[in-house]
Protein chains: 2
Amino acid sequence: MISPGIIEAVPTARERVRAEVTAEITAAARRQLAEVGAAALSLRAVAREVGMVSSAVYRYFPSRDDLLTRLILEGYDALGEAAEAADAPADPPRERWLAVCRAVRAWALAHPHEYALLYGSPVPGYSAPPDTVPAAARVGIALGGILRAAAFSGALPPGTGGRDPALVSDETAAVLGGDHPSIDDAVRVRALLAWSSLFGTISFELFGHLVGSVQDGDRYFDRAMTELAALLGL
Amino acid sequence: MISPGIIEAVPTARERVRAEVTAEITAAARRQLAEVGAAALSLRAVAREVGMVSSAVYRYFPSRDDLLTRLILEGYDALGEAAEAADAPADPPRERWLAVCRAVRAWALAHPHEYALLYGSPVPGYSAPPDTVPAAARVGIALGGILRAAAFSGALPPGTGGRDPALVSDETAAVLGGDHPSIDDAVRVRALLAWSSLFGTISFELFGHLVGSVQDGDRYFDRAMTELAALLGL
DNA sequence: CCCGTGTCAAGAGCAGTGCTCTCCATTGCG
DNA sequence: CGCAATGGAGAGCACTGCTCTTGACACGGG
């Protein structure tokens with residue numbers, strides 16, 4: 001404990017190999033997840049894939065749920081990155097909205113099991129660890145930025161200024177366009193609704209609830225998201 | 001096979017006791033489901049609860065998944081019944097819409113694990129048995145009936161008559177107001193979107209995605225569903 | 001240099017799971 | 001009345017998450 005800093009800046013060899021093994025485990029787990037889904041993901045199978053015995057994995061993750069939590073966090077980050085990458089801030093708000101929605105759907109279709117892990121039923125009795133919150137918020141923040149841009153470009157009609165923190169929290173209101181006068185609680189509720197509807201639409205498609213109702217998923221999604229854009233005034 | 005009819009109308013004693021035991025098993029399974037959720041539902045625990053050994057349960061359900069499928073079917077029926085019971089056809093469409101939405105949410109909040117089983121991630125690799133489809137459609141049919149009533153009362157503006165079975169299937173279009181001239185594919189897409197958004201909103205609330213954003217869930221839900229009603233023209 | 005300490009892989013083991021198989025008692029029907 | 005169908009009980013298999021103990025290894029201070 002004579003080390004100069006609280007946290008050693010340069011990692012020791014031990015720490016480096018530990019980080020490597022941890023990454024190897026999560027990579028194998030992500031492969032397993034993509035193949036068989038979260039429910040059937042077996043810690044022992046992951047251990048076999050990386051050539052370890054199951055008990056050794058517990059040196060890196062205290063439980064299977066912690067491994068899944070790690071995958072949830074990485075999933076949120078990957079999805080958020082895809083959404084942000086699809087957003088071209090120079091485009092008009094409606095195009096940006098559509099582009100981000102399409103990117104989210106594309107990611108979900110490409111990673112159905114990961115999407116189900118993020119937005120399906122919470123695995124145990126659900127308990128979102130606080131460190132997943134910022135990652136989970138990335139898509140919402142991207143969508144909020146679009147709304148904000150639309151407001152500051154003068155595309156939104158002036159609102160009545162309704163404000164109730166019990167309806168929409170201050171943190172969320174800050175993300176959803178902030179303090180622009182044309183954004184009131186009515187707009188914020190619509191924004192949260194549009195956000196929920198985006199994922200509701202994707203979940204319905206991915207979980208099979210639209211089978212028999214919608215055949216051309218691409219076109220249906222585009223038209224539905226266009227309706228949501230109109231609802232938001234984009 | 002000399003029995004007079006294809007199916008014996010009056011059940012034999014054997015059949016009666018078999019139906020009773022089956023009901024007892026599903027009742028215990030439903031209790032288990034409500035307590036620990038679908039993922040942790042153990043067929044052996046269900047067997048213990050009804051005082052049987054696990055292998056005996058397999059005389060009634062060929063696998064755990066079949067038991068869960070049974071619970072899914074009953075869940076859809078219970079939810080559909082709650083939705084239909086809340087619908088007062090004499091009320092104006094907007095009130096009917098709000099009443100049904102509130103009933104669906106109330107059922108979901110009262111039966112979170114059952115709701116998660118119905119609308120969360122599909123348990124195995126998902127496979128909706130065809131016999132669950134009619135039960136699953138009940139809420140959608142109730143909502144479609146409201147739209148139809150609104151159309152025939154002349155509350156909806158005339159549409160342009162767009163129609164593409166690849167976008168919205170004929171069966172679904174028939175449920176969504178049928179052949180009324182003011183209902184075209186644009187309205188149908190909005191109806192499917194509103195349907196998805198209803199469950200998307202409930203899922204977001206129930207699965208914790210609105211934690212930190214919405215505090216007064218009741219009021220937020222009412223306002224969001226009112227926005228959806230307006231989107232539908234109700 | 002060498003020895004103690006901390007890290008980690010490996011193995012055995014426990015309690016639980018879904019599911020299969022065999023054995024046997026009961027029951028209802030010809 | 002006897003025979004075949006029915007269904008319960010038990011053992012057993014392969015698998016799971018997780019714990020505990022054992023032993024090998026590397027690192028750093030004396």
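Naming: A, B, ... by sequence-line order, numbering from 1 per chain.
Salt-bridge check for D218(B) with R102(B): failed, with every basic side-chain N at 4.0 Å or more from each acidic carboxylate O.
Using a 4.0 Å heavy-atom cutoff across all strands shown, L41(A) reaches sugar-phosphate atoms only and no base atom. Counting any heavy atom pair closer than 4.0 Å across all strands shown, F61(B) reaches no nucleic acid atom. Residue contacts shown for S55(B) include a base, since a base heavy atom lies under 4.0 Å away.
Residues S54(A) and V57(A) each lie close to DNA chain C; by heavy-atom proximity, the contact nearer the 5' end of the strand is made by V57(A).
With rounding to the nearest 0.5 angstrom, the CG atom of L71(A) is 5.5 Å from the CG atom of L67(A).
The CD-C1' distance, from E49(B) to dT17(C), rounds to 17 Å in whole Å. If you take CZ of R59(B) and P of dT26(C), they are 16 Å apart, rounded to a whole angstrom. When the C1' atom of dC8(C) is taken as reference, atom OH of Y60(A) falls 6 Å away, rounded to whole Å. Atom CZ of R16(A) is separated from atom P of dA26(D) by 15 Å (rounded to the nearest Å). Between the C1' atom of dT16(D) and the CZ atom of R48(A) lies a distance of 10 Å, rounded to the nearest Å. Following rounding to the nearest Å, M52(B) (CE) and dA9(D) (P) show an atom-to-atom distance of 8 Å. Atom P of nucleotide dG18(C) and atom CG of D65(B) are separated by 10 Å, given to the nearest angstrom. Separating the CD1 atom of I25(B) from the C1' atom of dG18(C) is a distance of 15 Å, rounded to the nearest angstrom.
Side-chain N/O atoms of R44(B) and base N/O atoms of dG18(C) include a donor-acceptor pair closer than 3.5 Å. In the interface, the side chain of R18(B) is not paired with the base of dG7(D) through any donor and acceptor atom under 3.5 Å apart.
Minimum atom distance to the side chain of Y58(A) is reached by dT19(D), of the listed dG10(D), dT19(D), dG18(C). Minimum atom distance to the side chain of L43(A) is reached by dC18(D), of the listed dC18(D), dG18(C), dG8(D). Checking dA9(C), dT17(C), dG10(D) against the side-chain heavy atoms of V53(B) singles out dG10(D) as nearest. In this structure, of dG8(D), dA10(C), dG18(C), it is dG8(D) that holds the atom nearest to the side chain of A56(B).
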Requested in this report: Mind running salt bridge (charged side-chain N to carboxylate O under 4.0 Å, His left out) on R219(B) and D164(A) for me, showing each step along the way?
Outcome: CA-CA 11 Å; R219(B) 281 187 48 231; D164(A) 179 357; 2.7 Å; yes
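Taking the six-membered ring for Trp and thresholds of 30 and 60 degrees, W195(A) and F204(B) have ring planes more than 60 degrees apart, a perpendicular arrangement. Using cut-offs of 30° and 60° on the angle between ring planes, the pair Y76(B) and Y119(B) is perpendicular.
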